[in-house]
Structures are given as C-alpha cells and as structure tokens.
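Some notes on the structure that comes next.
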Amino acid sequence: MKHSKFSTIVIFIATLLFISCSKDENVHPPSDELVTLSFNMIIHDLTRQSIQKQSINDIPECSEDTPFFVEIILMQDDIEIVGSSQDPFRIDLASGQLFTKYSSELELPPGNYSLEHFSVHNEAGDLLWLAPKNNGDMALFSSDPLPIDIELLAGTKPYIDVPVLCYDNRDVNEYGYLFFELDATPLLPYCFFANYCDDSGRHYPARYSLEISINDIIIYSEVNTTGINEAGNYFAEPLCAAIPVLSEFEDDEEYIDYAITLLDWDEVYTINEPQEISGSLSLEDIEDQFDGDDNVEYEHIFINCDEQVADIDLPDFESAVFSDPTNITNPYYGPDEGYIYEYEGYEIEDGEFPDEPSEVIIVERRAENKNILGISTVIQRDYVAEDGVIIEDTDDWLAQDDEGNLWYMGELSLNYDDEGNFLDTEGSWETGVDGALPGYWLPGNPQVGQRYYQEFYEGEAEDWAEVIALNETVILDVGTFENVLVTKDINPFESGVYELKYYAPGTGFIKEEKFEDDELVEIVILTGIIVID
C-alpha cells in the first residue's frame with residue numbers, strides 16, 4: 001500500500017470562563033461600565049467522538065499552520081456591534097498561545113449579545129478553523145453552533161466558549177456561511193454492524209470496538225453503544241465513519257484498513273479470548289454501500305458465526321400470547337380500517353425511471369376476519385393490476401400478539417394471466433398446514449441488525465428480513481416521512497435478489513425497491529390514501 005501524509009482530524013473549542021484575573025497579555029482593568037471580552041481555545045480529538053449513521057457528514061481535515069488571529073461578528077438586537085458581514089473584526093492571538101489579546105473594541109456595555117461569526121486564521125490570513133452555524137450540516141459536529149448568545153455582566157471578564165472545526169476548503173454551505181467561495185472535498189460514510197455467535201450457535205448483537213486507519217494512521221476509533229430498550233431487550237447500535245476519498249488511490253485500490261474487536265458484554269455474553277475481524281476497503285467497496293445520504297447499507301460482520309443464516313430468528317410462536325389479535329397497534333402497519341392505500345410500481349431499465357407505472361397496487365383491510373389455529377386474524381387484501389387487468393389478488397392473514405409483534409399467518413394468492421384468466425394459487429400457504437410456520441410481518445420492537453423469518457415453509461417459503469435502519473427520511477409526492485423503518489427482505493430461493501421496504505410510523509408501508517445483482521430494477525411507491533365513506 002502506498003504511504004502518504006494524512007492529517008489527524010481534530011476539533012478546537014474556546015472555553016467559557018468567568019474569572020476575575022487575566023492572562024499576561026490580557027491585562028486591562030475592568031471598567032465599572034464596560035465588560036471586556038476575550039477568547040481562549042482548547043484542542044479536542046474529534047476522532048474519539050461517536051458518529052452515528054443519521055449524522056454522517058464531511059469531517060474537515062486540519063492544517064498544521066499556526067493560528068495567528070481570529071475574526072468575529074458580534075451583534076445586539078440585529079445590529080452589528082463589532083465587525084460586519086463585509087468586514088469581520090480581527091483580533092490577534094497572544095504570541096504562541098490559544099487566547100486572544102486585549103482589544104478596546106471588545107470593551108462593551110453590559111447586556112445581551114450574539115456571536116454570529118468566528119473564524120481562525122494563520123499569519124498570512126488563510127482560514128484554518130471555522131465555527132459552524134446551526135443552519136449548516138457541520139453543526140452536527142459542534143456542541144454549540146453559532147449564533148451563540150452572550151450575556152455580559154458588570155464586573156466580570158468572560159472568555160467565550162466557541163467550538164470551531166478545522167477548515168479544508170469545502171462547500172461553505174456545510175458550515176452555514178454564505179460569503180466565501182470554496183471547493184468541495186468528497187467524503188463518504190461507511191457503516192458496520194456486528195453479530196456474535198457463541199460456541200453453541202446462539203447469536204447476539206455484538207458489543208465491539210471499531211478502528212479505521214489509512215497508512216497505519218488511525219482516523220477513527222470508537223466503541224458502539226449498547227443497552228436495554230423499553231421492552232427490556234438488549235440492543236447494540238451500528239458504528240459509522242466518514243471515509244475520505246483520496247485521489248492518489250485508484251478506485252479498486254484498497255487504502256482503508258479496519259479492525260473490529262469483539263468486547264465482553266456483561267449479562268449478555270462472555271468471551272474467553274479476544275476475537276478480531278479485519279479487512280481493507282477500496283473506493284469501489286465504499287461506493288457499493290452508498291447510494292445517497294438516505295440509503296447507506298451496513299457492512300454486516302459475523303463473529304464466530306459459521307453461516308449467516310444461523311443468525312436469522314424463527315419467531316417463537318408457541319410463546320406468543322394473542323389477547324386481542326385483530327387490534328393492530330404496531331405503528332409501522334397500515335392501512336387502518338376505513339382506508340385504502342394506492343401504490344404505483346415502476347420497472348427501471350438502464351437506471352431510467354419511466355414516465356408511466358407498469359402496475360397499480362391497491363391495499364385495503366377486509367371487514368371480515370379468518371380464524372387460524374384458534375386465533376382471529378385480520379384479512380388484508382392487496383391486488384395488482386396491469387393495464388387495468390388484475391393479475392394477482394391476495395388475502396394476507398395477520399394477527400398481533402400482546403408484545404406488539406405483527407404475525408404473518410399465511411396467505412391466499414390468486415394468480416391470473418394478462419387477460420384476466422385464472423391461473424393458479426401458487427404462493428399460498430397457511431400456518432399449521434403441512435408444517436408451515438408463521439413469522440413476523442413486522443416486529444413489535446425492531447432493532448437495527450435484527451433478522452427474522454417472515455414465514456417458514458421448508459423448501460417452499462423461507463423469506464426473511466433484516467432491519468437496516470430506523471430513522472430514515474423518505475420524500476414522496478404524498479408527503480415527507482421521518483423515522484422510517486427500513487428492512488432488507490430476502491427470498492433465499494432467488495439468488496442475487498433482495499428488496500428494501502420502507503415503513504413510516506403512523507402510516508405503514510410507503511415504498512419498496514427491488515434489486516437484482518445490486519442493480520435497482522423496480523420501485524413501488526405510495527401515491528394516495530383514500531378514506532372510505
């Protein structure tokens with residue numbers, strides 16, 4: 001692997017201190033009527049901070065230049081008091097220090113002010129560090145983005161707390177500023193989720209550390225978050241890092257090295273010896289997992305697991321309690337009674353989205369129920385029409401247990417040709433018939449990395465799903481949906497084929513994307529909700 005210089009990523013923070021004494025180069029007796037402002041900075045390592053998937057953004061690479069002065073804009077009641085957007089006010093730093101010299105311009109009457117701009121420069125005037133504003137993406141990496149409210153009290157000499165990020169000539173809109181001309185620097189997110197299997201084959205979400213390096217220089221190091229959710233279940237969150245796209249490497253050249261180390265997790269599992277999974281990534285590897293900010297797939301790591309399929313849960317139907325099975329309260333399910341959902345399906349060819357849909361899908365809940373093994377189930381009807389002709393008409397049978405899990409109890413699928421002639425009932429099955437077992441239509445408390453069978457009819461129907469996200473945002477013509485659940489659905493009998501399904505809380509199923517050999521071939525989207533009179 002080639003060796004090249006890669007600067008450590010850091011964040012700089014000016015610390016808020018209210019003190020009665022001053023530093024050597026800041027000696028200036030306070031006035032009875034004026035308050036003197038100063039700034040002081042402390043360095044913190046950004047690579048030690050946790051970066052979750054929902055907050056991945058470009059992380060600035062720091063310059064090794066020496067900071068020499070800062071520029072600020074201070075306002076009061078929407079009036080520029082010190083500095084302006086056309087001419088920010090300059091304050092020199094004390095020689096060899098990270099605090100500002102005394103400036104008479106910063107002797108101000110007591111009152112309330114707001115800091116609107118704060119930047120740090122080298123002696124030549126080049127911008128080194130910049131305080132992000134709260135309307136920019138970089139605000140996610142600041143504990144206190146601009147504007148910062150400042151209350152000046154008589155008799156004090158405050159040092160104002162201003163977090164600033166290293167600046168690397170990227171698109172200024174990410175910082176929230178509008179009066180610089182900048183060049184963009186690309187970074188891409190890459191996310192890991194891990195499972196651990198003990199020697200008996202039982203699997204767990206894993207607690208682990210992740211270390212990412214370039215040319216043996218660590219750019220990211222973190223331990224994932226674990227805990228117990230409201231339902232009393234243990235969970236482990238994924239880890240995501242922003243990976244720099246370095247032009248000196250070819251697209252297929254591996255230059256990112258990662259190491260995942262399994263850690264003990266009290267009350268969940270115990271490991272006898274350290275276990276590590278390591279590997280290297282190229283730009284092509286990273287791009288394969290990335291399809292825009294709202295579609296980043298996790299690299300699923302299995303530790304001590306012989307086969308990934310061993311990680312799939314067959315839900316425990318025997319232990320499920322169904323006190324009120326037709327009262328569906330799972331927030332990711334729809335439609336409710338009295339509503340009809342309309343969807344359109346589009347076939348994607350050569351990456352082109354067609355002008356007209358290839359099919360229309362209607363989903364509604366029938367008024368009647370069906371009894372399966374003594375459990376009353378809701379009948380959800382969905383039918384697919386092409387050119388106005390119904391080609392598939394299906395009744396799905398669903399029941400919710402007392403834990404909020406929505407069970408898929410079977411289906412009756414009637415298939416027709418393109419002229420509406422009945423063909424067969426292929427795909428139909430029922431719990432308890434010929435050994436068929438139910439699975440989850442939707443789990444009651446989904447967790448990222450959770451895998452579960454949706455149905456299990458050995459050799460005939462063994463579909464399973466994996467929860468890959470819980471907080472996606474999806475924008476459709478019918479509205480914007482937040483905190484969307486995303487599952488990756490697999491039919492093991494269709495090699496190279498999978499579907500991403502999107503479920504919005506309070507609405508239900510809103511979108512589906514079908515892939516073949518990682519190429520998008522079909523998309524289904526919610527286009528309307530009809531209220532039945």
Worksheet entry | Heavy-atom donor-acceptor pair, S209 side chain to V223 backbone, under 3.5 Å | no
Response to the item:
All heavy atoms of L470 vs all of Q447, minimum pair found to be CD1-CA, 4.2 Å
Discussion item. If you define the side chain from C-beta out and look only at heavy atoms, does anything of L146 sit under 4.5 Å from N134?
Written reply: no
Worksheet item: Any side-chain heavy atom of V484 sitting closer than 4.5 Å to one from N471?
Response: no
Item to complete: Show your working on side-chain hydrogen bond (donor to acceptor under 3.5 Å, both in side chains) between Y346 and E344 and close with a plain yes or no.
Response: CA-CA 7 Å; Y346 295 83; E344 291 180 350; 2.5 Å; yes
Worksheet item: Should the pair E466-R451 be classified as a salt bridge under the 4.0 Å nitrogen-to-oxygen rule?
Response: yes
Worksheet item: Quick check, are the ring centers of Y332 and Y503 under 6.0 angstrom apart?
Response: no
Practice prompt. Check whether any side-chain N or O of T527 sits under 3.5 Å from a backbone N or O of E342 as a donor-acceptor pair, and report yes or no.
Written response: yes
Fill in: Stepwise side-chain hydrogen bond (donor to acceptor under 3.5 Å, both in side chains) check, S84 with D87
CA-CA 5 Å; S84 67; D87 185 22; 5.5 Å; no
Item to complete: Could you check H121 against F68 for side-chain contact (heavy atoms from CB on, under 4.5 Å), going step by step and ending with a plain yes or no?
Response: CA-CA 6 Å; H121 306 255; F68 193 79; over 6 Å; no
Fill in: E499 (side chain) donor-acceptor with E512 (main chain) under 3.5 angstrom
no
Discussion item. Test of understanding: with salt bridge (Lys or Arg N to Asp or Glu O under 4.0 Å), list the residues that count as partners of D92, not counting sequence neighbours.
Written reply: R90
Discussion item. Using side-chain heavy atoms (C-beta onward) and a distance below 4.5 Å, is T507 in contact with I529?
Written reply: yes
Worksheet item: Within a strict 4.5 Å, meaning less than it, do heavy atoms of the S221 and L210 side chains meet?
Response: no
Worksheet, complete the sentence: Heavy-atom closest pair (E513 atom, L520 atom, distance to 0.1 Å) is CB-CD1, 3.7 Å
Practice prompt. With the side chain counted from C-beta on, respond yes when L526 and Y341 share a heavy-atom pair under 4.5 Å apart, and no when they do not.
Written response: yes
Worksheet item: Do you know the tightest heavy-atom contact between E116 and P147?
Response: OE2-CB, 3.4 Å
Worksheet item: Rounded to the nearest 0.5 Å, what separation is found between the CD1 atom of I303 and the OH atom of Y196?
Response: 9.0 Å
Worksheet entry | Side-chain donor/acceptor of K133 to backbone N/O of H117, under 3.5 Å | no
Item to complete: Measure the spacing between CZ of R207 and CG of L262 and express it to the nearest 0.5 Å.
Response: 9.5 Å
Discussion item. Would you say that I73 contacts L115 through its side chain, given a criterion of any heavy-atom pair below 4.5 Å between the two side chains?
Written reply: no
Worksheet item: Is there side-chain contact between W129 and P67, with at least one heavy-atom pair below 4.5 Å?
Response: yes
Worksheet item: D252: what forms a side-chain contact (heavy atoms from CB on, under 4.5 Å) with it, not counting sequence neighbours?
Response: E250, E284
Worksheet item: Applying the side-chain contact (heavy atoms from CB on, under 4.5 Å) test to Q76, which of L108, V82, I81 qualifies?
Response: I81
Worksheet item: With distance as the sole test, does N330 use its side chain to make a donor-acceptor pair with the main-chain N or O of P443 at under 3.5 Å?
Response: yes
Worksheet item: Should the pair F192 and Y258 be assigned to parallel (<30°), tilted (30 to 60°) or perpendicular (>60°) ring geometry?
Response: tilted
Fill in: Full working for side-chain contact (heavy atoms from CB on, under 4.5 Å) between L283 and F249
CA-CA 8 Å; L283 176 59; F249 297 100; over 6 Å; no
Discussion item. For E276, is the CD atom crowded, meaning more than 12 foreign heavy atoms sit under 6.0 Å from it?
Written reply: yes
Discussion item. Keeping N215 on the side-chain end and I217 on the backbone end, is there a donor-acceptor pair under 3.5 Å?
Written reply: no
Worksheet item: Does the side chain of I256 come within less than 4.5 Å of Y190's, by heavy atoms?
Response: no
Worksheet item: For Y339, does the OH atom have more than 12 heavy-atom neighbours from other residues, nucleotides or ligands under 6.0 Å away?
Response: no
Worksheet, complete the sentence: When every non-hydrogen atom of V478 is compared with those of G528, the smallest separation belongs to CG1-N, 3.9 Å
Worksheet entry | Residue that, paired with F509, satisfies ring-ring contact (aromatic ring centres under 6.0 Å, His included) out of Y343, Y502, F481 | Y343
